[in-house]
Protein chains: 2
Amino acid sequence: MDQRLKSELTRQLILNESFKLFYENGFKTTSVDKIMKATNLTKGAFYHHFENKKALGLAVIGLKLQKRVYEAMVAPLYGSGDALEILKTIFSVRLKSFTVYEKQHGCPANNFINEIGDQEFAYQNALKRIIEEWKSALVYVLDRGKTEGSVRKDICSKSVAVYLISAFEGVRGLRKLYDNDLILDEYISGLSLYIKQISAS
Amino acid sequence: MDQRLKSELTRQLILNESFKLFYENGFKTTSVDKIMKATNLTKGAFYHHFENKKALGLAVIGLKLQKRVYEAMVAPLYGSGDALEILKTIFSVRLKSFTVYEKQHGCPANNFINEIGDQEFAYQNALKRIIEEWKSALVYVLDRGKTEGSVRKDICSKSVAVYLISAFEGVRGLRKLYDNDLILDEYISGLSLYIKQISAS
DNA sequence: TAAATTATATACTAGGTAGTATGTTTTTTT
DNA sequence: AAAAAAACATACTACCTAGTATATAATTTA
């Protein structure tokens, strides 16, 4: 097989298995051994593709995680349609459509943030980039809403963006403690009140 | 020295040092060895006072953590004064008064929730108790506000409680990524909008 | 005061950890 | 086809991990 392609496939395999194991068991307690056992490859392959575990962590955050957040939470914000409807879809409809697995293990980004967001500057920065990208998209859609007359002009877009992200990440943590969706339903009801508050009219 | 007292002091010392190390470095990566080094005692003492690390974790959550949350976030809700003023104080004023250390490492409860809230039923339950106690107090103060006419009667207290807790815990995680309070200020501004929405008049 | 109990210390086990050194195999280049 | 380089495997090191076994010191009880 073409060496370039084979190498890239292996790299992606390691990144994917890492993401999965980090998500299920945490970053710090997932060992390189466990990851490579999941890939059916060995340590030699790992250290050929990554300098060390920290480099792997940064690659998972900067590639896999960032891409997932972008596709699920950021890109839809740049789509067409009523601004407030888009917000409702992203912050509540999406939430209910998660699988049990996703509800149980919370938000991958939030897990990383809470586990290693206070440990290493490099991790901090990589994670910050994801949040800032998300925040910018929210500010964009809120400003658009203001222009189109659906969003109140006297609210601060940045503040609303931060409050929306905070509540979303917060409840994805809380949901881990329960075995049903009650807390999600309450969150959604609480959120709809907030969206009403920022809507014009 | 009285043996009862001495034993209790040792137990509390272990619990306190554990809490601190769990807070700074996480639960799973804080070893019994590190804890006992911090206490200047040895492993023999540890396993005399605790059956294993899991029992220690549950004790830290059920005693230290629950007490801290109760004193800082729950008890004030049962105090006198305007309901909405109490909410503002707890969810925004308090936030700004945290030390750099507390801002950097986030919310101890949220850290536990995100690290081990999806791992063991026993941890889940111990953490759930803390959240439910907090939620109940919030529902109490919101209902009181309704009675006194300061809070809108058509809002669901439980939903507002969950949304308030979610946003608070969420932003305490996000703050880890930054080295200044901008995100906290934005959160507070976003929160004040929410409190306006639930206020009568 | 002697015996029993409690509190703590020391030394150990079995297994997990990140990372390295050095192989062998596969692919590419000359 | 030979040489070089890349991809991966195997075997290792030094250290950390939870937990145990057993000793000693301090305190309480008989």
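Quick caveat, the model's predicted, so the values are computed rather than measured. Naming: A, B, ... by sequence-line order, numbering from 1 per chain.
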When rounded to whole Å, the NZ to P distance for the pair A:K53 and C:dG19 reads 9 Å
Is there a donor N/O on one and an acceptor N/O on the other, under 3.5 Å, for the side chain of B:K43 and the base of D:dG19? yes
Counting only side-chain heavy atoms from C-beta out, which of D:dT28, D:dT17, C:dT28 sits nearest to B:D33? D:dT17
Without decimals, in angstroms, what is the distance between A:K28 NZ and C:dA18 P? 13 Å
Note: A:E8-A:R4 ion pair, threshold 4.0 Å (strictly below): no
Under 4.0 Å between a side-chain nitrogen and a carboxylate oxygen: does that hold for B:E120 and B:K54? yes
Of C:dA7, D:dA7, C:dT8, the nucleotide closest to the side chain of B:T10 is C:dT8
Value in whole Å for how far the P atom of C:dA18 lies from CZ of A:F27: 9 Å
Testing D:dC8, C:dA18, D:dT28 for proximity to the side chain of A:H49, the answer is D:dC8
Could you check how far CD of A:Q3 sits from P of D:dC8, rounded to whole Å? 8 Å
What contact category does B:S31 fall into here, base, sugar-phosphate, or nothing, at under 4.0 angstrom with non-hydrogen atoms? sugar-phosphate
Among C:dA9, D:dC8, C:dA18, the nucleotide that comes nearest once only the side chain of B:L41 is considered: C:dA9
B:R172 bridged to B:E102 by N-O distance under 4.0 Å: no
Looking at B:E132 and B:R129, is there a salt bridge between them, counting it only when a charged N and a carboxylate O are closer than 4.0 Å? no
Categorize A:F46 for me: base, sugar-phosphate, or nothing, with a 4.0 angstrom heavy-atom threshold over every strand shown. nothing
With distance as the sole test, does B:Y23 use its side chain to make a donor-acceptor pair with the main-chain N or O of B:G106 at under 3.5 Å? yes
Expressed in angstrom and rounded to an integer, what is the separation of A:H48 atom NE2 from C:dT22 atom P? 18 Å
What nucleotide, of C:dT10, C:dA7, C:dA18, holds the atom closest to the side chain of B:K6? C:dA7
Measure from CZ on A:R4 to C1' on C:dT29 and round the result to the nearest Å. 13 Å
What's the closest nucleotide to the A:T42 side chain, out of D:dA9, D:dG19, C:dA18? D:dA9
Just call it for B:K34: base, sugar-phosphate, or nothing, with non-hydrogen atoms closer than 4.0 Å on any strand. sugar-phosphate
Give the rounded distance in Å between these two atoms: CG of A:L5 and P of D:dA6. 17 Å
Can you check the A:D2 CG to C:dT26 C1' distance for me, whole Å? 13 Å
